[in-house]
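From a predicted model like this one, the values you see are computed outputs, not experimental measurements. As a basis for the values below, the full set of heavy atoms in this structure was taken, side chains included, without hydrogen atoms, waters or symmetry mates. First the proteins, then the strands, lettered A, B, ... as listed; each starts at 1.
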2 protein chains.
Amino acid sequence: MSDDAPTRQRLLREAMRLFGELGYAATSIAMIEQAAGLSPGSGSLYKHFASKQELLSAGLDQLLQGTPELTARLEQTSSRALPRRRADAEAALNAIMVETARAGLARLDQDRDLNRLLFRGLEAFPQLMARFRDEELRRAQDATAALLAGLAEQGSRRISRGQNARGQNLRSKDANGGHEADWDAVAVVFVGAIAHYWLLRDVFGEHPSGIDEDRHVDAIARVAVAALLR
Amino acid sequence: MSDDAPTRQRLLREAMRLFGELGYAATSIAMIEQAAGLSPGSGSLYKHFASKQELLSAGLDQLLQGTPELTARLEQTSSRALPRRRADAEAALNAIMVETARAGLARLDQDRDLNRLLFRGLEAFPQLMARFRDEELRRAQDATAALLAGLAEQGSRRISRGQNARGQNLRSKDANGGHEADWDAVAVVFVGAIAHYWLLRDVFGEHPSGIDEDRHVDAIARVAVAALLR
DNA sequence: CCAACCGGCAAGTAATCACTTGCTGAGGCA
DNA sequence: TGCCTCAGCAAGTGATTACTTGCCGGTTGG
(Lines give C-alpha, C1' and ligand atoms only; values in the text may rest on other atoms or scores of the structure.)
Protein backbone atom coordinates (compact mmCIF):
# COMPACT_ATOMS: atom_id res chain seq x y z
CA MET A 1 0.00 0.00 0.00
CA SER A 2 2.72 2.46 0.97
CA ASP A 3 5.19 2.43 -1.87
CA ASP A 4 8.66 3.85 -2.13
CA ALA A 5 7.60 7.42 -2.78
CA PRO A 6 9.49 10.08 -0.84
CA THR A 7 8.51 10.10 2.80
CA ARG A 8 7.05 13.57 2.68
CA GLN A 9 4.70 12.57 -0.13
CA ARG A 10 3.61 9.42 1.68
CA LEU A 11 2.90 11.43 4.80
CA LEU A 12 0.86 13.95 2.88
CA ARG A 13 -1.15 11.33 1.04
CA GLU A 14 -1.90 9.16 4.06
CA ALA A 15 -2.69 12.19 6.19
CA MET A 16 -5.26 13.49 3.72
CA ARG A 17 -6.78 10.06 3.39
CA LEU A 18 -7.10 9.63 7.14
CA PHE A 19 -8.35 13.19 7.67
CA GLY A 20 -11.01 12.52 5.08
CA GLU A 21 -12.02 9.18 6.57
CA LEU A 22 -11.88 9.89 10.28
CA GLY A 23 -11.83 13.66 10.52
CA TYR A 24 -8.96 15.94 11.42
CA ALA A 25 -9.48 15.79 15.18
CA ALA A 26 -9.89 12.03 15.28
CA THR A 27 -6.69 11.37 13.33
CA SER A 28 -3.52 11.25 15.42
CA ILE A 29 0.03 11.91 14.34
CA ALA A 30 0.92 8.36 15.31
CA MET A 31 -1.72 6.96 12.94
CA ILE A 32 -0.36 9.02 10.08
CA GLU A 33 3.20 7.92 10.77
CA GLN A 34 2.14 4.30 10.84
CA ALA A 35 0.15 4.62 7.61
CA ALA A 36 3.18 6.17 5.95
CA GLY A 37 5.43 3.30 7.06
CA LEU A 38 7.15 5.16 9.88
CA SER A 39 7.35 4.09 13.48
CA PRO A 40 4.13 5.23 15.19
CA GLY A 41 4.66 7.49 18.17
CA SER A 42 8.13 8.54 17.15
CA GLY A 43 8.03 12.16 16.18
CA SER A 44 9.43 11.39 12.75
CA LEU A 45 6.63 13.30 11.08
CA TYR A 46 8.02 16.48 12.57
CA LYS A 47 11.16 16.10 10.49
CA HIS A 48 8.94 17.05 7.54
CA PHE A 49 6.17 19.23 8.98
CA ALA A 50 6.27 21.70 11.83
CA SER A 51 2.78 20.93 13.14
CA LYS A 52 -0.43 19.05 12.47
CA GLN A 53 -2.01 22.20 11.11
CA GLU A 54 0.85 22.81 8.69
CA LEU A 55 0.46 19.23 7.51
CA LEU A 56 -3.22 19.85 6.80
CA SER A 57 -2.45 23.10 5.03
CA ALA A 58 0.26 21.56 2.87
CA GLY A 59 -1.99 18.63 2.07
CA LEU A 60 -4.81 20.91 0.99
CA ASP A 61 -2.36 22.87 -1.13
CA GLN A 62 -1.32 19.76 -2.96
CA LEU A 63 -4.87 18.53 -3.47
CA LEU A 64 -6.01 21.89 -4.79
CA GLN A 65 -3.24 21.90 -7.36
CA GLY A 66 -4.45 18.83 -9.23
CA THR A 67 -7.76 20.57 -9.66
CA PRO A 68 -8.45 22.74 -12.69
CA GLU A 69 -9.26 19.94 -15.12
CA LEU A 70 -13.04 19.84 -14.77
CA THR A 71 -13.20 23.45 -15.80
CA ALA A 72 -11.35 22.75 -19.02
CA ARG A 73 -13.40 19.63 -19.64
CA LEU A 74 -16.67 21.48 -19.19
CA GLU A 75 -15.64 24.36 -21.39
CA GLN A 76 -14.55 21.93 -24.05
CA THR A 77 -17.94 20.22 -23.91
CA SER A 78 -19.83 23.49 -24.11
CA SER A 79 -18.14 24.49 -27.34
CA ARG A 80 -19.83 21.72 -29.26
CA ALA A 81 -22.40 22.53 -31.89
CA LEU A 82 -25.90 21.08 -31.65
CA PRO A 83 -27.73 19.49 -34.59
CA ARG A 84 -30.40 21.62 -36.27
CA ARG A 85 -33.34 19.26 -36.17
CA ARG A 86 -35.20 19.50 -32.89
CA ALA A 87 -35.30 15.79 -32.10
CA ASP A 88 -31.60 15.39 -32.80
CA ALA A 89 -30.79 18.45 -30.75
CA GLU A 90 -32.72 17.05 -27.81
CA ALA A 91 -30.82 13.76 -27.98
CA ALA A 92 -27.53 15.61 -28.26
CA LEU A 93 -28.42 17.79 -25.29
CA ASN A 94 -29.25 14.72 -23.29
CA ALA A 95 -25.92 13.13 -24.20
CA ILE A 96 -24.03 16.24 -23.21
CA MET A 97 -25.76 16.41 -19.84
CA VAL A 98 -25.18 12.73 -19.16
CA GLU A 99 -21.54 13.14 -20.02
CA THR A 100 -21.21 16.23 -17.88
CA ALA A 101 -22.89 14.61 -14.89
CA ARG A 102 -20.60 11.61 -15.17
CA ALA A 103 -17.57 13.88 -15.45
CA GLY A 104 -18.68 15.63 -12.29
CA LEU A 105 -19.04 12.38 -10.38
CA ALA A 106 -15.68 11.16 -11.66
CA ARG A 107 -14.04 14.35 -10.53
CA LEU A 108 -15.59 14.05 -7.09
CA ASP A 109 -14.25 10.51 -6.88
CA GLN A 110 -10.85 11.59 -7.99
CA ASP A 111 -10.74 14.35 -5.38
CA ARG A 112 -12.40 12.16 -2.78
CA ASP A 113 -10.16 13.19 0.10
CA LEU A 114 -10.45 16.84 -0.79
CA ASN A 115 -14.22 16.78 -0.80
CA ARG A 116 -14.49 14.76 2.37
CA LEU A 117 -12.17 17.20 4.06
CA LEU A 118 -14.62 20.04 3.71
CA PHE A 119 -16.93 18.46 6.26
CA ARG A 120 -14.48 16.47 8.33
CA GLY A 121 -11.66 18.74 9.22
CA LEU A 122 -11.80 22.14 7.60
CA GLU A 123 -14.57 23.66 9.70
CA ALA A 124 -12.07 24.92 12.28
CA PHE A 125 -9.82 26.57 9.67
CA PRO A 126 -11.70 29.41 7.96
CA GLN A 127 -8.86 30.41 5.65
CA LEU A 128 -8.52 26.87 4.29
CA MET A 129 -12.29 26.75 3.81
CA ALA A 130 -12.09 29.97 1.85
CA ARG A 131 -9.44 28.50 -0.40
CA PHE A 132 -11.60 25.46 -1.03
CA ARG A 133 -14.57 27.65 -1.81
CA ASP A 134 -12.72 29.90 -4.24
CA GLU A 135 -10.49 27.36 -5.95
CA GLU A 136 -12.83 24.41 -6.12
CA LEU A 137 -16.52 25.13 -5.63
CA ARG A 138 -16.81 28.41 -7.48
CA ARG A 139 -14.91 27.10 -10.47
CA ALA A 140 -17.18 24.11 -10.88
CA GLN A 141 -20.18 26.35 -10.38
CA ASP A 142 -19.13 28.93 -12.95
CA ALA A 143 -18.11 26.37 -15.54
CA THR A 144 -21.47 24.63 -15.23
CA ALA A 145 -23.38 27.88 -15.51
CA ALA A 146 -21.42 28.78 -18.61
CA LEU A 147 -22.17 25.39 -20.12
CA LEU A 148 -25.89 25.71 -19.45
CA ALA A 149 -26.09 29.26 -20.72
CA GLY A 150 -24.20 28.31 -23.85
CA LEU A 151 -26.44 25.35 -24.56
CA ALA A 152 -29.57 27.39 -23.93
CA GLU A 153 -28.40 30.15 -26.22
CA GLN A 154 -27.51 27.69 -28.95
CA GLY A 155 -30.76 25.81 -28.47
CA SER A 156 -33.04 28.77 -28.62
CA ARG A 157 -31.01 30.13 -31.56
CA ARG A 158 -31.77 33.68 -30.69
CA ILE A 159 -29.17 36.25 -29.88
CA SER A 160 -29.44 37.41 -26.30
CA ARG A 161 -28.68 40.98 -25.53
CA GLY A 162 -25.13 42.00 -24.69
CA GLN A 163 -23.44 38.91 -26.11
CA ASN A 164 -24.44 37.09 -22.92
CA ALA A 165 -21.22 37.98 -21.19
CA ARG A 166 -21.98 36.37 -17.86
CA GLY A 167 -19.20 37.47 -15.62
CA GLN A 168 -19.29 37.66 -11.86
CA ASN A 169 -22.39 39.51 -10.78
CA LEU A 170 -25.76 39.25 -12.39
CA ARG A 171 -27.76 39.64 -9.24
CA SER A 172 -30.87 41.01 -10.91
CA LYS A 173 -33.20 38.27 -11.95
CA ASP A 174 -36.08 40.77 -12.29
CA ALA A 175 -34.14 43.00 -14.65
CA ASN A 176 -34.23 40.50 -17.48
CA GLY A 177 -37.97 40.55 -17.81
CA GLY A 178 -38.61 37.68 -15.40
CA HIS A 179 -38.84 35.08 -18.14
CA GLU A 180 -35.26 34.32 -19.05
CA ALA A 181 -33.75 31.57 -16.97
CA ASP A 182 -31.23 32.27 -14.22
CA TRP A 183 -28.55 29.87 -15.39
CA ASP A 184 -26.26 30.64 -12.49
CA ALA A 185 -28.94 29.52 -10.08
CA VAL A 186 -29.85 26.53 -12.22
CA ALA A 187 -26.20 25.52 -12.24
CA VAL A 188 -26.23 25.58 -8.45
CA VAL A 189 -29.21 23.23 -8.56
CA PHE A 190 -27.53 20.67 -10.81
CA VAL A 191 -24.09 20.89 -9.27
CA GLY A 192 -25.69 20.55 -5.86
CA ALA A 193 -27.72 17.55 -6.95
CA ILE A 194 -24.65 15.77 -8.28
CA ALA A 195 -22.45 16.72 -5.35
CA HIS A 196 -25.04 15.62 -2.82
CA TYR A 197 -25.62 12.34 -4.59
CA TRP A 198 -21.89 11.72 -4.47
CA LEU A 199 -21.65 12.78 -0.83
CA LEU A 200 -24.42 10.50 0.40
CA ARG A 201 -23.10 7.63 -1.66
CA ASP A 202 -19.66 8.23 -0.21
CA VAL A 203 -20.94 8.37 3.35
CA PHE A 204 -23.31 5.40 3.16
CA GLY A 205 -21.56 3.24 0.60
CA GLU A 206 -24.57 3.50 -1.68
CA HIS A 207 -27.13 6.27 -1.98
CA PRO A 208 -29.81 5.94 0.74
CA SER A 209 -32.53 5.84 -1.88
CA GLY A 210 -30.99 2.79 -3.52
CA ILE A 211 -30.92 4.60 -6.85
CA ASP A 212 -27.78 3.77 -8.79
CA GLU A 213 -25.58 6.10 -10.76
CA ASP A 214 -27.22 5.36 -14.11
CA ARG A 215 -30.70 6.24 -12.92
CA HIS A 216 -29.49 9.38 -11.22
CA VAL A 217 -27.50 10.59 -14.18
CA ASP A 218 -30.45 9.88 -16.47
CA ALA A 219 -32.77 11.82 -14.21
CA ILE A 220 -30.36 14.76 -14.08
CA ALA A 221 -30.04 14.82 -17.84
CA ARG A 222 -33.77 14.52 -18.43
CA VAL A 223 -34.55 17.35 -16.04
CA ALA A 224 -31.80 19.49 -17.47
CA VAL A 225 -32.99 18.97 -21.02
CA ALA A 226 -36.53 19.86 -19.98
CA ALA A 227 -35.22 23.05 -18.41
CA LEU A 228 -33.05 23.92 -21.41
CA LEU A 229 -35.86 23.39 -23.91
CA ARG A 230 -37.89 25.74 -21.78
CA MET B 1 -28.78 30.76 27.08
CA SER B 2 -29.02 27.75 29.36
CA ASP B 3 -32.46 27.94 30.91
CA ASP B 4 -33.96 26.02 33.80
CA ALA B 5 -34.77 22.90 31.82
CA PRO B 6 -33.89 19.61 33.49
CA THR B 7 -30.17 19.00 33.50
CA ARG B 8 -30.40 15.93 31.30
CA GLN B 9 -32.22 17.90 28.62
CA ARG B 10 -29.71 20.74 28.75
CA LEU B 11 -26.86 18.27 28.42
CA LEU B 12 -28.49 16.60 25.43
CA ARG B 13 -29.22 19.85 23.67
CA GLU B 14 -25.81 21.42 24.19
CA ALA B 15 -24.04 18.20 23.32
CA MET B 16 -25.85 17.90 20.00
CA ARG B 17 -25.18 21.54 19.24
CA LEU B 18 -21.47 21.19 19.97
CA PHE B 19 -21.18 17.88 18.15
CA GLY B 20 -22.75 19.54 15.14
CA GLU B 21 -20.53 22.60 15.29
CA LEU B 22 -17.17 21.08 16.18
CA GLY B 23 -17.58 17.39 15.47
CA TYR B 24 -17.89 14.55 17.91
CA ALA B 25 -14.15 13.97 18.40
CA ALA B 26 -13.35 17.65 18.88
CA THR B 27 -16.02 18.15 21.55
CA SER B 28 -14.92 17.30 25.09
CA ILE B 29 -17.09 16.28 28.02
CA ALA B 30 -15.89 19.35 29.89
CA MET B 31 -17.14 21.64 27.13
CA ILE B 32 -20.56 20.04 27.21
CA GLU B 33 -20.76 20.35 30.97
CA GLN B 34 -19.83 24.00 30.82
CA ALA B 35 -22.36 24.72 28.06
CA ALA B 36 -25.05 23.04 30.15
CA GLY B 37 -24.22 25.18 33.17
CA LEU B 38 -22.35 22.52 35.11
CA SER B 39 -18.84 22.73 36.45
CA PRO B 40 -16.46 21.83 33.61
CA GLY B 41 -14.18 18.92 34.35
CA SER B 42 -16.32 17.56 37.14
CA GLY B 43 -17.75 14.28 35.97
CA SER B 44 -21.28 15.52 36.59
CA LEU B 45 -22.33 14.50 33.10
CA TYR B 46 -21.80 10.89 34.07
CA LYS B 47 -24.64 11.13 36.59
CA HIS B 48 -26.90 11.24 33.53
CA PHE B 49 -25.07 9.33 30.81
CA ALA B 50 -22.80 6.33 31.07
CA SER B 51 -20.43 7.39 28.30
CA LYS B 52 -19.85 9.88 25.52
CA GLN B 53 -21.18 7.41 22.99
CA GLU B 54 -24.38 6.85 24.94
CA LEU B 55 -24.82 10.61 25.07
CA LEU B 56 -24.53 10.79 21.29
CA SER B 57 -26.92 7.91 20.85
CA ALA B 58 -29.51 9.38 23.22
CA GLY B 59 -29.18 12.77 21.54
CA LEU B 60 -29.72 11.28 18.12
CA ASP B 61 -32.73 9.42 19.45
CA GLN B 62 -34.28 12.63 20.66
CA LEU B 63 -33.54 14.53 17.46
CA LEU B 64 -35.01 11.76 15.31
CA GLN B 65 -38.23 11.81 17.30
CA GLY B 66 -39.15 15.38 16.42
CA THR B 67 -38.90 14.39 12.80
CA PRO B 68 -41.92 13.09 10.89
CA GLU B 69 -43.51 16.45 10.16
CA LEU B 70 -42.09 17.11 6.71
CA THR B 71 -43.58 13.89 5.49
CA ALA B 72 -47.03 14.95 6.58
CA ARG B 73 -46.51 18.43 5.18
CA LEU B 74 -45.44 17.12 1.80
CA GLU B 75 -48.30 14.66 1.59
CA GLN B 76 -50.71 17.41 2.49
CA THR B 77 -49.31 19.57 -0.30
CA SER B 78 -49.52 16.80 -2.84
CA SER B 79 -53.22 16.28 -2.24
CA ARG B 80 -54.11 19.63 -3.72
CA ALA B 81 -55.99 19.87 -7.00
CA LEU B 82 -54.50 21.77 -9.92
CA PRO B 83 -56.49 24.26 -12.04
CA ARG B 84 -57.68 23.01 -15.42
CA ARG B 85 -56.33 25.74 -17.67
CA ARG B 86 -52.74 25.09 -18.66
CA ALA B 87 -51.35 28.52 -17.74
CA ASP B 88 -53.00 28.43 -14.35
CA ALA B 89 -51.81 24.90 -13.77
CA GLU B 90 -48.25 25.94 -14.52
CA ALA B 91 -48.41 28.80 -12.06
CA ALA B 92 -49.95 26.54 -9.45
CA LEU B 93 -47.23 23.94 -10.00
CA ASN B 94 -44.60 26.61 -9.61
CA ALA B 95 -46.16 27.77 -6.37
CA ILE B 96 -46.28 24.25 -5.02
CA MET B 97 -42.64 23.63 -5.84
CA VAL B 98 -41.56 26.93 -4.31
CA GLU B 99 -43.48 26.12 -1.18
CA THR B 100 -42.06 22.62 -1.02
CA ALA B 101 -38.50 23.80 -1.51
CA ARG B 102 -38.93 26.37 1.23
CA ALA B 103 -40.43 23.76 3.52
CA GLY B 104 -37.41 21.56 2.88
CA LEU B 105 -34.97 24.33 3.73
CA ALA B 106 -36.96 25.22 6.84
CA ARG B 107 -36.89 21.62 7.97
CA LEU B 108 -33.15 21.43 7.43
CA ASP B 109 -32.76 24.57 9.53
CA GLN B 110 -34.97 23.18 12.22
CA ASP B 111 -32.98 19.97 12.38
CA ARG B 112 -29.71 21.77 11.92
CA ASP B 113 -27.79 19.80 14.55
CA LEU B 114 -29.12 16.52 13.24
CA ASN B 115 -28.05 17.22 9.69
CA ARG B 116 -24.65 18.53 10.68
CA LEU B 117 -24.13 15.43 12.76
CA LEU B 118 -24.25 13.17 9.75
CA PHE B 119 -20.97 14.56 8.46
CA ARG B 120 -19.33 15.65 11.71
CA GLY B 121 -19.62 12.82 14.15
CA LEU B 122 -21.63 9.88 12.88
CA GLU B 123 -19.08 8.42 10.49
CA ALA B 124 -17.60 6.21 13.23
CA PHE B 125 -21.00 4.82 14.30
CA PRO B 126 -22.54 2.78 11.49
CA GLN B 127 -25.68 1.83 13.37
CA LEU B 128 -26.50 5.47 14.13
CA MET B 129 -25.88 6.32 10.50
CA ALA B 130 -28.27 3.58 9.48
CA ARG B 131 -30.95 5.03 11.74
CA PHE B 132 -30.44 8.46 10.24
CA ARG B 133 -30.68 7.02 6.76
CA ASP B 134 -33.86 5.08 7.39
CA GLU B 135 -35.70 7.52 9.63
CA GLU B 136 -34.74 10.80 8.03
CA LEU B 137 -33.31 10.60 4.52
CA ARG B 138 -35.53 7.89 3.06
CA ARG B 139 -38.69 9.50 4.38
CA ALA B 140 -37.94 12.84 2.80
CA GLN B 141 -36.96 11.08 -0.41
CA ASP B 142 -40.11 8.98 -0.60
CA ALA B 143 -42.42 11.84 0.27
CA THR B 144 -40.88 14.01 -2.44
CA ALA B 145 -41.10 11.26 -5.02
CA ALA B 146 -44.77 10.74 -4.15
CA LEU B 147 -45.41 14.46 -4.49
CA LEU B 148 -43.76 14.64 -7.91
CA ALA B 149 -45.48 11.51 -9.18
CA GLY B 150 -48.83 12.81 -7.95
CA LEU B 151 -48.36 16.17 -9.61
CA ALA B 152 -47.21 14.60 -12.85
CA GLU B 153 -50.15 12.26 -12.92
CA GLN B 154 -52.55 15.07 -12.22
CA GLY B 155 -50.88 17.34 -14.74
CA SER B 156 -50.82 14.89 -17.60
CA ARG B 157 -54.39 13.85 -16.67
CA ARG B 158 -53.91 10.39 -17.94
CA ILE B 159 -54.25 7.29 -15.84
CA SER B 160 -50.99 5.45 -15.52
CA ARG B 161 -51.07 1.71 -15.38
CA GLY B 162 -51.46 -0.03 -12.08
CA GLN B 163 -52.80 2.98 -10.17
CA ASN B 164 -49.21 4.21 -9.84
CA ALA B 165 -48.71 2.47 -6.54
CA ARG B 166 -45.09 3.35 -6.05
CA GLY B 167 -43.99 1.37 -3.05
CA GLN B 168 -40.44 0.44 -2.19
CA ASN B 169 -38.85 -1.10 -5.21
CA LEU B 170 -39.32 0.03 -8.74
CA ARG B 171 -35.82 -0.75 -9.86
CA SER B 172 -36.71 -1.22 -13.49
CA LYS B 173 -36.49 1.99 -15.41
CA ASP B 174 -36.41 0.13 -18.71
CA ALA B 175 -39.60 -1.73 -17.97
CA ASN B 176 -41.77 1.34 -18.31
CA GLY B 177 -41.05 1.88 -21.95
CA GLY B 178 -38.16 4.27 -21.40
CA HIS B 179 -40.28 7.37 -21.83
CA GLU B 180 -42.07 7.77 -18.53
CA ALA B 181 -40.13 9.75 -15.98
CA ASP B 182 -38.37 8.08 -13.08
CA TRP B 183 -39.86 10.19 -10.32
CA ASP B 184 -37.90 8.45 -7.58
CA ALA B 185 -34.65 9.42 -9.27
CA VAL B 186 -35.93 12.92 -10.02
CA ALA B 187 -36.84 13.28 -6.35
CA VAL B 188 -33.26 12.41 -5.45
CA VAL B 189 -32.12 15.18 -7.78
CA PHE B 190 -34.30 17.85 -6.20
CA VAL B 191 -33.89 16.74 -2.60
CA GLY B 192 -30.16 16.59 -3.19
CA ALA B 193 -30.09 20.06 -4.71
CA ILE B 194 -31.94 21.55 -1.76
CA ALA B 195 -29.97 19.63 0.84
CA HIS B 196 -26.66 20.56 -0.73
CA TYR B 197 -27.60 24.21 -1.01
CA TRP B 198 -28.47 24.15 2.68
CA LEU B 199 -25.28 22.29 3.57
CA LEU B 200 -22.95 24.67 1.77
CA ARG B 201 -24.80 27.69 3.14
CA ASP B 202 -24.52 26.20 6.60
CA VAL B 203 -20.82 25.51 6.24
CA PHE B 204 -19.82 28.80 4.61
CA GLY B 205 -22.37 31.16 6.09
CA GLU B 206 -23.69 31.90 2.64
CA HIS B 207 -23.69 29.72 -0.45
CA PRO B 208 -20.32 29.87 -2.24
CA SER B 209 -21.99 31.00 -5.43
CA GLY B 210 -23.48 34.03 -3.73
CA ILE B 211 -26.93 33.01 -4.88
CA ASP B 212 -29.53 33.71 -2.23
CA GLU B 213 -32.40 31.53 -1.15
CA ASP B 214 -34.98 33.26 -3.36
CA ARG B 215 -33.00 32.72 -6.53
CA HIS B 216 -32.25 29.15 -5.67
CA VAL B 217 -35.84 28.29 -4.80
CA ASP B 218 -37.02 29.95 -7.99
CA ALA B 219 -34.54 27.97 -10.04
CA ILE B 220 -35.59 24.73 -8.37
CA ALA B 221 -39.25 25.44 -9.03
CA ARG B 222 -38.66 26.47 -12.62
CA VAL B 223 -36.67 23.36 -13.39
CA ALA B 224 -39.17 21.16 -11.61
CA VAL B 225 -42.09 22.64 -13.52
CA ALA B 226 -40.25 22.11 -16.78
CA ALA B 227 -39.68 18.49 -15.85
CA LEU B 228 -43.27 17.96 -14.73
CA LEU B 229 -44.75 19.47 -17.90
CA ARG B 230 -42.78 16.93 -19.86
C1' DC C 1 -36.59 13.18 62.77
C1' DC C 2 -33.93 10.31 60.55
C1' DA C 3 -32.34 7.63 56.77
C1' DA C 4 -32.03 6.89 52.09
C1' DC C 5 -31.24 8.80 47.90
C1' DC C 6 -29.48 11.86 44.42
C1' DG C 7 -27.22 15.52 41.72
C1' DG C 8 -23.24 18.14 41.69
C1' DC C 9 -18.28 18.98 42.76
C1' DA C 10 -13.19 18.39 43.61
C1' DA C 11 -9.71 15.53 42.85
C1' DG C 12 -8.21 11.99 41.20
C1' DT C 13 -6.95 7.77 37.35
C1' DA C 14 -4.69 5.92 33.25
C1' DA C 15 -4.48 6.72 28.57
C1' DT C 16 -3.64 9.51 24.72
C1' DC C 17 -2.61 13.77 22.64
C1' DA C 18 0.79 16.99 19.95
C1' DC C 19 5.23 17.85 20.19
C1' DT C 20 10.51 17.81 21.90
C1' DT C 21 15.04 16.06 23.01
C1' DG C 22 19.03 13.37 22.26
C1' DC C 23 20.84 9.73 20.03
C1' DT C 24 22.08 6.67 16.00
C1' DG C 25 23.37 4.91 11.72
C1' DA C 26 23.59 5.64 6.85
C1' DG C 27 25.10 8.50 2.92
C1' DG C 28 27.72 12.25 0.71
C1' DC C 29 31.94 14.60 0.19
C1' DA C 30 36.56 16.01 1.27
C1' DT D 1 39.51 8.11 6.64
C1' DG D 2 37.22 11.93 8.95
C1' DC D 3 33.33 14.88 9.17
C1' DC D 4 28.99 16.70 8.35
C1' DT D 5 24.07 16.17 7.40
C1' DC D 6 19.93 14.30 8.25
C1' DA D 7 15.97 10.95 8.44
C1' DG D 8 14.30 8.09 11.77
C1' DC D 9 13.67 6.30 16.46
C1' DA D 10 13.15 5.78 21.60
C1' DA D 11 11.88 8.13 25.28
C1' DG D 12 10.49 11.67 27.05
C1' DT D 13 7.45 16.58 28.01
C1' DG D 14 3.13 18.63 29.81
C1' DA D 15 -1.47 19.14 28.48
C1' DT D 16 -5.83 17.10 27.67
C1' DT D 17 -8.73 13.19 27.20
C1' DA D 18 -12.74 10.09 28.98
C1' DC D 19 -14.02 8.44 33.00
C1' DT D 20 -13.94 7.25 38.43
C1' DT D 21 -13.96 7.88 43.36
C1' DG D 22 -15.35 9.95 47.54
C1' DC D 23 -17.63 13.53 49.63
C1' DC D 24 -21.30 16.76 50.41
C1' DG D 25 -25.78 19.39 50.86
C1' DG D 26 -30.68 19.14 49.73
C1' DT D 27 -34.78 16.81 49.04
C1' DT D 28 -37.82 13.12 49.97
C1' DG D 29 -40.35 9.42 52.28
C1' DG D 30 -41.41 6.75 56.28
>> So that I can tick it off, tell me whether B:Arg138 and B:Asp142 are bridged by a salt bridge, with the cut-off set at under 4.0 angstrom between side-chain N and carboxylate O.
In response: no
> Tell me, which of residues 22-30 of chain B have any heavy atom that sits under 4.0 Å from an atom in DNA chain C?
Replying inline: none
Show which side-chain atoms of residues 36-44 of chain A pair as donor or acceptor with protein atoms under 3.5 Å away, not counting sequence neighbours.
from, atom 1, to, atom 2, distance (Å)
A:Ser42, OG, A:Ser39, O, 2.7
A:Ser42, OG, A:Ser44, OG, 2.9

>> Which residues pass the side-chain hydrogen bond (donor to acceptor under 3.5 Å, both in side chains) test with A:Asn94, not counting sequence neighbours?
In response: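 side-chain hydrogen bond (donor to acceptor under 3.5 Å, both in side chains) check on A:Asn94 returns nothing, list empty.
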>> My understanding is that only residues two or more places apart in sequence, or in another chain, count here; which of them pass side-chain hydrogen bond (donor to acceptor under 3.5 Å, both in side chains) with B:Glu135?
In response: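 Here the qualifying residues are B:Arg131.
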Whole-Å distance between [N] [atom2] and [X] [atom1]?
X: A:Glu33; N: D:dC9; atom1: CD; atom2: P; answer: 8 Å
X: B:Leu11; N: D:dA18; atom1: CG; atom2: P; answer: 14 Å
X: A:Arg8; N: D:dC6; atom1: CZ; atom2: P; answer: 15 Å

> With A:Asp111, which residues qualify under salt bridge (charged side-chain N to carboxylate O under 4.0 Å, His left out), at least two apart?
Replying inline: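 Residues passing salt bridge (charged side-chain N to carboxylate O under 4.0 Å, His left out) with A:Asp111: A:Arg107.
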>> What range of DNA chain C does chain B touch, first nucleotide to last, counting atoms under 4.0 Å from its heavy atoms?
In response: C:dG7 to C:dA11
Within [range] or reaching into it, pairs that qualify as salt bridge (charged side-chain N to carboxylate O under 4.0 Å, His left out) - sequence neighbours excluded:
range: residues 39-59 of chain A; value: none
range: residues 118-129 of chain B; value: A:Arg120-B:Glu123, A:Glu123-B:Arg120
range: residues 191-203 of chain B; value: B:Asp109-B:Arg201, B:Arg116-B:Asp202, B:Arg201-B:Glu213

> For B:Tyr46, which residues count as a ring pair (Phe, Tyr, Trp, His ring centres under 6.0 Å) partner, sequence neighbours excluded?
Replying inline: none
Please list, one pair per line, the donor and acceptor atoms closer than 3.5 Å that link side chains of residues 20-29 of chain A to other protein atoms, with sequence neighbours excluded.
from, atom 1, to, atom 2, distance (Å)
A:Glu21, OE2, A:Arg17, NH1, 3.4
A:Tyr24, OH, A:Gln53, N, 3.4
A:Thr27, OG1, A:Leu18, O, 3.3
A:Thr27, OG1, A:Gly23, O, 2.7
A:Ser28, OG, A:Met31, N, 3.2

> Heavy-atom contacts under 4.0 Å between residues 42-54 of chain B and DNA chain D, which residues?
Replying inline: B:Gly43, B:Tyr46, B:Ser51, B:Lys52
